Amino acid sequence: MAERFELLADLLEIEGAESYRVLAYRRAAARIRETPTAVAEMALEGKARALPGVGRTIEEKIVQIVQDGEIKALRDRRDRIPSDLIAFLRVPGLGPKTVRRIWQELGITTVEGLRQAAAEQRLRVLTGLGPKTEENVLKALSVEQAPPAPQRTLLGKALPAVRQLVAELQDDAHVDRISEAGSVRRRKETTRDVDLIATARDPAGLTARFVAHEAVAEVAAHGPTKATVVWQNGLRFDLRVVPPESYGNLLQHFTGSKDHNLALREAAVREGLSVSEYGIVVVETNEVITAESEEDVYRRLGYELIPPELRENLGELEAARRGELPRLVDVDALRGDLHMHSTWSTDADHSLEEMARAAQARGYDYVAVTDHSHYLREDRFRAQAEEIAALNERLTPFRILQGIEVNIGLDGSVDAPDEDLAACDWVIASLHRAFDSSPNERILAAMEHPHVHCIGHPTARKIGRREGADLDLEPLIAKALETRTFLEINSQPDRLDLRDVHARAAREAGLQLAISSDSHRVSELANVEYGVAQARRAWLGAGDVLNTRPWREVEALLGSGEKR
DNA sequence: GCCGTTTTCGGCCCGACTGTTTTCAGTCG
């Protein structure tokens with residue numbers, strides 16, 4: 001649905017529609033994408049317009065999608081406008097106005113036609129287009145045909161990279177203060193480019209130093225206060241520099257998100273204030289208020305400080321206005337890890353003892369070792385139990401819980417004997433195959449199992465590689481509450497499953513979640529940082545996270561009787 | 001197209017960089 005509205009926005013833009021109408025469709029698309037409940041059902045009941053950015057017209061168009069399979073306005077325009085024009089928009093530097101002129105004035109309607117026109121220097125006959133534009137078109141279209149479109153970068157790769165670059169530039173003589181910003185600072189699961197901001201006495205000197213970094217493969221833009229580079233490893237970095245007194249304004253501006261800032265500024269305009277990265281201007285008096293910290297920016301605009309992870313215009317501004325933001329969970333609050341593997345699973349690198357000692361060194365009180373069921377057949381299950389018992393005697397008061405990760409079969413059954421499951425402290429059931437075959441029903445059945453405590457990586461997605469199961473979260477959350485089963489936020493950088501909006505829906509329903517590393521080696525225990533980030537984006541406080549509790553309390557939550 | 005502690009009409013965030021042009025429109029974030 002969101003994709004259709006985005007396509008409609010693109011086509012309207014090429015047609016030359018008024019920009020705010022286009023913006024309205026884009027906002028609606030974003031809202032639909034971030035709404036965890038079924039928007040189609042809401043629209044049929046006439047309730048979709050309760051969503052911010054969805055009004056009467058867009059609600060009607062949602063109903064058209066449900067009832068007719070397509071939006072009439074979209075079908076009409078698809079007939080009129082050549083489909084390749086959408087691809088033109090993806091060429092850097094070509095926007096809707098230029099694409100429209102290339103189409104209407106030069107009669108070009110295909111990607112190949114565009115490439116040829118650029119090669120034959122026919123684009124420059126249009127005023128405003130010149131040799132450089134033709135060069136950009138040729139470059140974009142030849143690149144596009146070789147490797148696939150540039151992938152978004154996982155947080156697990158972008159965050160360490162930006163931290164290292166910040167540390168490097170921190171020591172540079174030009175730099176006053178420097179920080180990560182943008183979607184990495186908001187800890188989004190993937191990023192398109194990595195943003196940095198800095199203050200400096202000599203901004204031009206700093207951007208020059210930035211584009212001259214040894215790892216830079218390409219300089220995409222370079223001005224005195226702003227530069228964009230592409231590194232040899234494919235990462236795109238953006239640096240923006242302002243004077244020291246505006247550090248708070250700049251950090252706030254460049255952390256985003258765009259939607260958050262848009263809403264923040266619209267609200268400010270209504271109060272006679274104009275907000276930019278340089279400061280807050282009182283329109284009436286032209287007084288400029290600069291802020292050295294983000295907290296000052298938010299306070300001056302009437303909000304409490306909003307943690308970066310919440311800045312998506314999904315209710316945080318209203319909550320901050322009322323002083324009702326949640327106190328978000330942080331990594332230090334975790335008392336244990338409820339999903340990890342040892343060399344009892346052949347896809348893992350470290351022994352039970354190595355994993356346990358590493359967890360203890362992180363300050364945990366307990367871990368559940370949850371090796372895969374197919375590696376613990378027959379007497380291997382008992383042998384592992386003996387090893388755990390022996391280790392527990394030596395490591396006390398640290399505790400290794402005996403766990404297992406079982407597969408959810410096609411019929412919703414799990415693949416380990418009941419007597420083994422009954423002997424476990426903690427049982428995770430996960431989908432590992434056939435994600436398209438009734439995933440909802442299979443998970444619901446697994447939750448009904450008397451010995452299953454948690455559903456691991458519920459959708460089984462792999463970011464950038466596999467969509468994962470198309471789950472209907474509402475009944476799953478309801479069943480989880482009913483059966484005292486928990487859901488996991490899996491911290492592997494390419495899983496982060498449940499994702500933010502789903503985890504938020506679970507929290508709002510009153511369900512606690514486990515933040516687990518799913519480590520297969522010692523180094524991966526630290527991945528819980530990414531799971532915690534996802535939890536923070538989902539508005540979770542420490543109380544919403546199962547493994548912030550001592551094991552004794554977790555155990556009590558598993559219910560009396562059959563789930564024990 | 002959406003929305004309302006100035007409005008049911010008339011607004012709608014703000015600034016940097018590029019490529020082109022002689023002062024700016026378009027694009028981008």
Side-chain angles (χ1 to χ4, degrees), chain A residues 5 8-9 12-13 16-31 48-62 71 73 88-102 123-137 140 181-183 191-197 203-204 207 211 219-228 236-242 246 249-250 252-281 283-284 288 301-302 313 321:
Chain A
F5 280 114
L8 181 56
L12 282 167
E13 209 167 23
E18 210 240 336
S19 64
Y20 291 107
R21 211 173 135 213
V22 174
L23 180 63
Y25 281 112
R26 293 202 200 287
R27 282 181 164 177
R31 180 63 55 176
R49 72 186 75 173
L51 297 172
V54 177
R56 202 167 66 91
T57 308
I58 288 179
E59 182 172 84
E60 278 169 12
K61 286 179 162 62
I62 296 172
I71 304 168
F88 291 12
L89 287 175
R90 283 195 277 277
V91 175
L94 294 192
K97 298 219 167 69
T98 314
V99 168
R100 177 181 169 81
R101 291 179 61 211
I102 290 172
L123 293 182
R124 64 185 69 178
V125 302
L126 296 178
T127 55
L129 300 192
K132 190 72 189 176
T133 309
E134 289 167 348
E135 195 183 303
N136 284 341
V137 167
S183 53
T191 59
R192 203 179 67 85
D193 45 34
V194 181
D195 294 313
L196 293 163
I197 61 115
T207 57
V211 300
V219 179
H222 179 196
T225 68
K226 181 178 165 180
T228 302
R236 278 178 83 88
F237 287 98
D238 265 356
L239 173 67
R240 184 66 193 279
V241 191
V242 294
S246 299
N249 305 91
L250 176 69
Q252 193 285 321
H253 166 81
F254 230 46
T255 296
S257 66
K258 192 178 170 184
D259 289 339
H260 173 87
N261 284 350
L262 212 58
L264 181 87
R265 287 166 180 202
E266 282 178 358
V269 166
R270 288 196 286 275
E271 292 169 17
L273 302 170
S274 171
V275 179
S276 82
E277 58 265 54
Y278 294 108
I280 301 168
V281 178
V283 176
E284 201 167 294
V288 181
L301 295 173
N313 193 28
R321 182 75 82 178

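So you know, we letter chains A, B, ... as the sequences are listed, proteins then strands, and number each from 1. Owing to the predicted nature of the structure, the values given are computational and were not obtained by experimental measurement.
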First of A:L273 and A:R21 reached from the 5' end of DNA chain B, by closest nucleotide: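 In this pair, the answer is A:R21.
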Comparing A:D195 and A:E266 on DNA chain B - which has the more 5′ nearest nucleotide: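 Closer to the 5' end of DNA chain B: A:E266.
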So what does [X] hit on the nucleic acid, given a heavy-atom distance under 4.0 Å: a base, only sugar-phosphate, or nothing?
X: A:L262; result: base
X: A:L129; result: sugar-phosphate
X: A:Y25; result: sugar-phosphate
X: A:S19; result: nothing

Integer-rounded Å distance: [N] [atom2] and [X] [atom1]:
X: A:H253; N: B:dC28; atom1: NE2; atom2: P; value: 16 Å
X: A:L264; N: B:dG29; atom1: CG; atom2: P; value: 21 Å
X: A:L23; N: B:dC14; atom1: CG; atom2: C1'; value: 14 Å
X: A:K97; N: B:dT27; atom1: NZ; atom2: P; value: 6 Å
X: A:Y20; N: B:dG4; atom1: OH; atom2: P; value: 17 Å
X: A:K258; N: B:dC14; atom1: NZ; atom2: C1'; value: 11 Å
X: A:E277; N: B:dC28; atom1: CD; atom2: C1'; value: 13 Å
X: A:K226; N: B:dT18; atom1: NZ; atom2: C1'; value: 11 Å

Rounded distance [0.5 Å steps], CG in A:D195 versus OG1 in A:T255: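 Here the interatomic distance stands at 8.5 Å.
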Distance test, side-chain N/O of [X] to OP1/OP2 of [N], below 4.0 Å:
X: A:T225; N: B:dC17; answer: yes
X: A:T228; N: B:dC17; answer: no
X: A:T127; N: B:dT21; answer: no
X: A:Y278; N: B:dA16; answer: yes
X: A:S276; N: B:dC13; answer: no

Mind checking the [atom1] distance from [N] to [M]? Whole angstroms is fine.
N: B:dC17; M: B:dG10; atom1: C1'; value: 32 Å
N: B:dT5; M: B:dG1; atom1: P; value: 23 Å
N: B:dT18; M: B:dT23; atom1: C1'; value: 15 Å
N: B:dA16; M: B:dC9; atom1: C1'; value: 33 Å
N: B:dC2; M: B:dT7; atom1: C1'; value: 14 Å
N: B:dC3; M: B:dC13; atom1: P; value: 14 Å

Ignoring the backbone of [X], work out which of [options] is nearest its side chain.
X: A:R240; options: B:dG19, B:dG15, B:dC17; answer: B:dG15
X: A:I58; options: B:dC17, B:dC2, B:dT27; answer: B:dC2
X: A:R265; options: B:dC12, B:dC17, B:dC14; answer: B:dC14
X: A:T98; options: B:dT27, B:dG1, B:dC17; answer: B:dT27
X: A:R192; options: B:dG29, B:dT27, B:dG15; answer: B:dG29

Donor-acceptor side-chain pairing of A:H253 and A:R265 below 3.5 angstrom: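 Looking only at side-chain atoms, A:R265 and A:H253 do form a donor-acceptor pair, the distance falling under 3.5 Å.
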Chi angles and distances behind the side-chain contact (heavy atoms from CB on, under 4.5 Å) call for A:E59, A:L51: CA-CA 10 Å; A:E59 182 172 84; A:L51 297 172; over 6 Å; no
With a 4.5 Å heavy-atom cut-off, do [X] and [Y] have their side chains touching?
X: A:D193; Y: A:F237; answer: no
X: A:N313; Y: A:R31; answer: yes
X: A:T207; Y: A:H222; answer: yes
X: A:Y25; Y: A:I58; answer: yes

Pairing nucleotide - B:dT8, Watson-Crick or G-U, each distance under 3.5 Å: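 With both distances under 3.5 Å required, B:dT8 matches none.
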Footprint string (nucleotides 6-11 of chain B, 5' to 3'): B base within contact, S backbone only, - free, heavy atoms under 4.0 Å: ------
Closest contact, heavy atoms only, A:G256 versus A:N261: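 Nearest heavy atoms, A:G256 then A:N261: CA-ND2, 3.7 Å.
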Contact summary for A:A28 and A:V54, nearest pair of heavy atoms: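 The pair with the smallest heavy-atom distance is CB-CG2, 4.5 Å.
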A:E13 and its side-chain hydrogen bond (donor to acceptor under 3.5 Å, both in side chains) partner, picked from A:K97, A:R26, A:R100: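 For A:E13, the side-chain hydrogen bond (donor to acceptor under 3.5 Å, both in side chains) check succeeds only for A:R26.
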